Amino acid sequence: MNKYRSHNCNELRKKNVGSSILLSGWINKKRDHGNLLFLDLRDNYGITQCIIDKGNKNFKELEKLQLETVIKIEGKVVDRSTDTINKEIETGEIEVTIENFIVLGKCKELPMPVFSDQEYSEEIRLKYRYLDLRRKKIHENIILRSKVISFIRNEMNNFGFLEFQTPILTSSSPEGARDFLVPSRLNPGKFYALPQAPQQFKQLIMVSGFDKYFQIAPCFRDEDARADRSPGEFYQLDLEMSFVEQEDIFKVVEQLLVNTFKKFSKKKIITEKFPRITYRDALLKYGSDKPDLRNPLIIEDITETFTRKDVSFDIFKKLVKSGSNVRCIVTKNTKDKPRSFFDNIDRWAKNEGASGLAYFTIENGISAKGPVGKFFSKESLEEIMKKTGAKVGDSIFMACSKKKDLERITSLARDKIAKDLNLIDDNVFAFCWVVDYPMFEKNDQTNKIEFSHNPFSMPQGDIKKLNFEKPLDMLAYQYDIVCNGIELSSGAIRNHIPELMYKLFAIAGYDKDQVDEKFSGMINALSYGAPPHGGIAPGIDRIIMLLANEKNIREVTMFPMNQNAQDLMMNAPSSIDEKQLKELNLTLKIKK
RNA sequence: GGGGGUGUAGCUCAGUUGGUUAGAGCGAUCGCCUGUCACGCGAUAGGUCGAGGGUUCGAGUCCCUUCACUCCCGCCA
């Protein structure tokens, strides 16, 4: 028999009554009655109530032990009388009378209580992460994470994918995020970069003829953190397939995600075949390329109406003349909402930096009630109703601005209004594909044309007939998955044709030599017989967040860094010895 | 780089209009308690009010600077 335990702390039941057992674990809680002591022993699996009274020679010593001390107990399983059964724990029908015990791991006074529902500052949680991780909620989140990853691995194997590792020390690439760099000792003055994603490697795996690849891949990007974005590192389910079209990727990923979300959450998936929304439509109808489809509100463009003579809303009309658009959100049957409901939203919009949201409610006989209602004729209202599907009793919120700004404010307003009207069902998952991303976009500041997403994406249409004169009209086989307004992954069918790649890079301002230099491995490989291929990379951390119903990525990450990319437990990053710097041929020049 | 929030005992927090000796719960220590499961009761210890400067007869409270944590913008396959 194992010298530490015969059972774990979630194992003993009525059928064990009478047997002598060994349990090991942490002292979760003591209830000391002076001559009788209840002690909850906890391990990864659960809690068992143990009991000792002053008749036992160990009583005094045990009574004094700190919570979170690790002990081993020798004892006997006994029945609990009906009125003392604890239905909250699975071992609640029995308890263990302690006959003997030893301390396996002493515990100092705790910097934070482990057994408590209190919330603690991130700082203390991260510094003592090993204590924090003992707590129920986060302990379960991390176990969930393990199970989800294991399930996904298994599914991918069943789908016929092969798992490969790709290098962690690789080369810096010019596109995308800031790289983490590692100085090379053997190559003075040169640096490795940690991969932002195994993008080029997975394509090279396809060129190597492996057909279907996946990896639970660590990705490193030196960018600032957000609640849903770890600084430094995160994980993707990276996958790539050869001889596929967009549809083939969609099929695999939809099946994988549906299986995973069904297995690990009780929430309903609204549409198991994910609806597809073009990038253009997403920006128009939702104001965002990551629409939350749980929210039924739709944004409509009603700019036309503001060119009518019988509309006298001059502020908007003037703006429209100078190139602004008007977009609106219709709320159904809100005629009886109090004035404060409307004013709140208007005030909120002004707070968000918009000029406010104009609104009116459509009344019987087709007239508009509200501060700006008088500016609209019956006919103009009928036009708006036809365009937006609004009915009598509905209200219309309008914003007028230049396109980018308008998308931003209408998107925020869509969220805000839905929240105020309680329209979002929190018990569902609403997935969608966002498709038809533009290949290029114009940088507002520099006025230069840049790749809008991945430079290795394949443009849509007949390759021979592509119009390189109008790059901004070019669409790519580039797609994102969005769930409940959270961007889960993005992927693309790749461009496997070197000549085409040179042309596209030329549009983004890279000449052939630059492409050859920066992407030598890739471009070379593609010229030795490359299969058409494509893939995608769902974010593991965000999938777990959705499944665990957490808003912060640190709640599903075992040892996260704080917002300033510091590990408070391990003291990383840290200074290094002069000797190490010397070996790496580095000198420090720190700005003050 | 910019904006918001927070910072008071080991932990979670309260602290009124600027006014006497800065409080509570949990935890710790000590004592009492044989059926609790957030056990109960009593006592004790524990404070650079994040730091620095200023205004004031007087600052936890007002002002300035600064630091830490966090949320957001920028940034981000």
Side-chain angles (χ1 to χ4, degrees), chain A residues 28-41 47-56 59 63-64 66-68 78 80-89 91-92 95 97 107-128 131-132 173 175-179 195-200 202 217 219-232 234-236 238 351-353 408 412 437 444-445 451-457 478-481 487-492 535-539 542 551-552 554 562-564 566 568:
Chain A
N28 191 58
K29 190 73 191 164
K30 282 184 299 184
R31 289 173 296 280
D32 189 352
H33 291 231
N35 294 313
L36 174 73
L37 173 69
F38 295 99
L39 184 156
D40 291 339
L41 200 67
I47 285 178
T48 302
Q49 173 166 287
C50 304
I51 184 166
I52 187 169
D53 70 16
K54 68 172 179 196
N56 188 297
F59 181 79
E63 197 184 21
K64 285 208 173 68
Q66 276 277 355
L67 297 185
E68 295 304 311
V78 297
R80 290 208 209 182
S81 65
T82 322
D83 54 326
T84 60
I85 285 174
N86 183 354
K87 285 181 182 141
E88 303 290 308
I89 55 175
T91 60
E95 60 196 7
T97 53
C107 180
K108 295 197 289 190
E109 188 175 341
L110 294 164
M112 56 179 278
V114 171
F115 175 71
S116 165
D117 290 330
Q118 258 175 30
E119 305 251 6
Y120 310 100
S121 70
E122 291 277 342
E123 201 172 355
I124 200 121
R125 291 182 61 194
L126 294 183
K127 183 168 178 193
Y128 300 98
L131 292 180
D132 189 37
S173 70
E175 288 283 323
R178 195 178 294 116
D179 284 315
Q196 296 180 22
Q199 181 61 39
Q200 293 190 57
K202 70 171 168 179
C219 303
F220 305 90
R221 291 170 201 170
D222 188 2
E223 297 293 351
D224 288 353
R226 287 289 183 279
D228 63 348
R229 206 167 80 199
S230 284
F234 62 98
Y235 283 80
Q236 286 183 340
D238 194 45
N351 241 335
E352 287 295 325
R408 189 185 72 86
L412 289 170
Y437 275 81
D444 283 343
Q445 272 128 45
F451 287 108
S452 74
H453 274 71
N454 186 324
F456 304 124
S457 298
Q478 164 90 41
Y479 35 84
D480 276 20
I481 295 175
E487 184 187 319
L488 268 195
S489 50
S490 70
I536 193 164
R542 288 189 182 166
K551 293 222 161 23
N552 193 300
R554 290 184 296 274
N562 70 7
Q563 195 172 45
N564 294 321
Q566 298 159 340
L568 298 177

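Per chain, numbering begins at 1; letters A, B, ... match sequence-line order. All of these numbers come straight from a predicted model, not from anything done at the bench.
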Please pick, from [options], the nucleotide with the shortest atom-to-atom distance to any side-chain atom of [X].
X	options	result
A/Arg31	B/C37, B/A77, B/G35	B/C37
A/Glu223	B/C75, B/C39, B/C11	B/C75
A/Glu109	B/C69, B/G27, B/U34	B/G27
A/Asp224	B/A77, B/G1, B/U70	B/G1
A/Lys64	B/U36, B/C71, B/C30	B/C30
A/His33	B/C75, B/G35, B/C37	B/G35
A/Gln196	B/U29, B/A77, B/U34	B/A77
A/Leu126	B/U70, B/C75, B/C37	B/U70
A/Asp53	B/U70, B/G35, B/U34	B/U34
A/Arg554	B/G74, B/C37, B/C71	B/C71

With [atom1] as the reference atom in both, quote the distance from [N] to [M] in angstrom, rounded to an integer.
N	M	atom1	result
B/G25	B/U21	P	23 Å
B/A59	B/G19	C1'	10 Å
B/A68	B/C49	C1'	16 Å
B/G15	B/G27	P	24 Å
B/G52	B/G60	P	13 Å
B/G2	B/U56	P	32 Å
B/A45	B/C63	C1'	37 Å
B/G5	B/U44	C1'	37 Å

Is it true that A/Arg125 and A/Asp132 have a side-chain N and a carboxylate O under 4.0 angstrom from each other?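 Here A/Arg125 pairs with A/Asp132 in a salt bridge, since their nearest N and O are under 4.0 Å apart.
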Ion pair A/Arg229/A/Asp224, N-O distance below 4.0 Å: no
Could you state the [atom1]-[atom2] distance from [X] to [N], rounded to the nearest angstrom?
X	N	atom1	atom2	result
A/Lys29	B/A28	NZ	C1'	13 Å
A/Ile52	B/U34	CD1	P	15 Å
A/Phe115	B/C37	CZ	P	11 Å
A/Asp32	B/G40	CG	P	12 Å
A/Tyr120	B/C11	OH	C1'	7 Å
A/Leu131	B/G10	CG	C1'	13 Å
A/Asn35	B/G35	CG	P	10 Å
A/Lys54	B/G35	NZ	C1'	15 Å

Do A/Gln196 and A/Asp179 pair up side chain to side chain, a donor and an acceptor below 3.5 Å, judged on atom types alone? yes
Enclosure of A/Tyr235 OH (heavy-atom neighbours >12, cutoff 6.0 Å): no
Is atom NZ of A/Lys30 surrounded by more than 12 heavy atoms (other residues, nucleotides or ligands) closer than 6.0 Å? yes
At 4.0 Å (heavy atoms only), tell me whether [X] reaches a base, stays on the sugar-phosphate, or touches nothing.
X	result
A/Ile89	nothing
A/Ala227	sugar-phosphate
A/Asn562	sugar-phosphate

Counting distance alone, no hydrogens or angles: does the base of [N] have a donor or acceptor under 3.5 Å from a partner atom on the side chain of [X]?
X	N	value
A/Arg125	B/C69	no
A/Gln49	B/U36	yes
A/Arg221	B/C76	no
A/Glu95	B/G35	yes
A/Arg408	B/C73	no
A/Glu487	B/A77	yes

Can you check whether A/Tyr128 reaches A/Leu110 side chain to side chain, under 4.5 Å on heavy atoms? no
Is there a side-chain contact between A/Gln200 and A/Phe456, using heavy atoms and a 4.5 Å cut-off?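 They are in side-chain contact.
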Is any side-chain nitrogen or oxygen of [X] closer than 4.0 Å to OP1 or OP2 of [N]?
X	N	result
A/Asn564	B/A68	no
A/Gln118	B/A38	no
A/Arg178	B/G74	no
A/Gln563	B/C71	yes
A/Asn552	B/C71	yes
A/Asn454	B/A77	no
A/Ser81	B/G35	no

Can you work out whether A/Ser490 or A/Glu88 has the more 5'-proximal nearest nucleotide on RNA chain B? A/Glu88
With nearest nucleotides of RNA chain B determined for A/Lys30 and A/Gly55 from heavy-atom distances, which residue corresponds to the more 5′ nucleotide?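 The residue closer to the strand's 5' end, by nearest nucleotide, is A/Gly55.
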Contacts of type side chain to side chain contact (heavy atoms under 4.5 Å, CB included), residue A/Ala227, not counting sequence neighbours: A/Asn552
List the steps and the verdict of side chain to side chain contact (heavy atoms under 4.5 Å, CB included) for A/Gln49 and A/Asn86. CA-CA 10 Å; A/Gln49 173 166 287; A/Asn86 183 354; 5.9 Å; no
Which stems does RNA chain B form, counting runs of 3 or more consecutive Watson-Crick or G-U wobble pairs with both distances under 3.5 Å?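 Detected stem regions: B:1-7 with B:67-73, B:10-13 with B:23-26, B:28-32 with B:40-44, B:50-54 with B:62-66.
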Compare every heavy atom of A/Gly539 with every heavy atom of A/Ser489, then report the nearest pair and how far apart it is. CB-N, 4.2 Å
Pair up each side-chain donor or acceptor in residues 111-122 of chain A with any protein partner under 3.5 Å, not counting sequence neighbours, and list the distances.
| unit_1 | atom_1 | unit_2 | atom_2 | d |
| --- | --- | --- | --- | --- |
| A/Ser116 | OG | A/Gln118 | N | 2.9 |
| A/Ser116 | OG | A/Tyr120 | OH | 3.2 |
| A/Tyr120 | OH | A/Pro113 | O | 3.1 |
| A/Ser121 | OG | A/Ile124 | N | 3.4 |
| A/Glu122 | OE1 | A/Arg554 | NE | 2.8 |
| A/Glu122 | OE2 | A/Arg554 | NH2 | 3.4 |

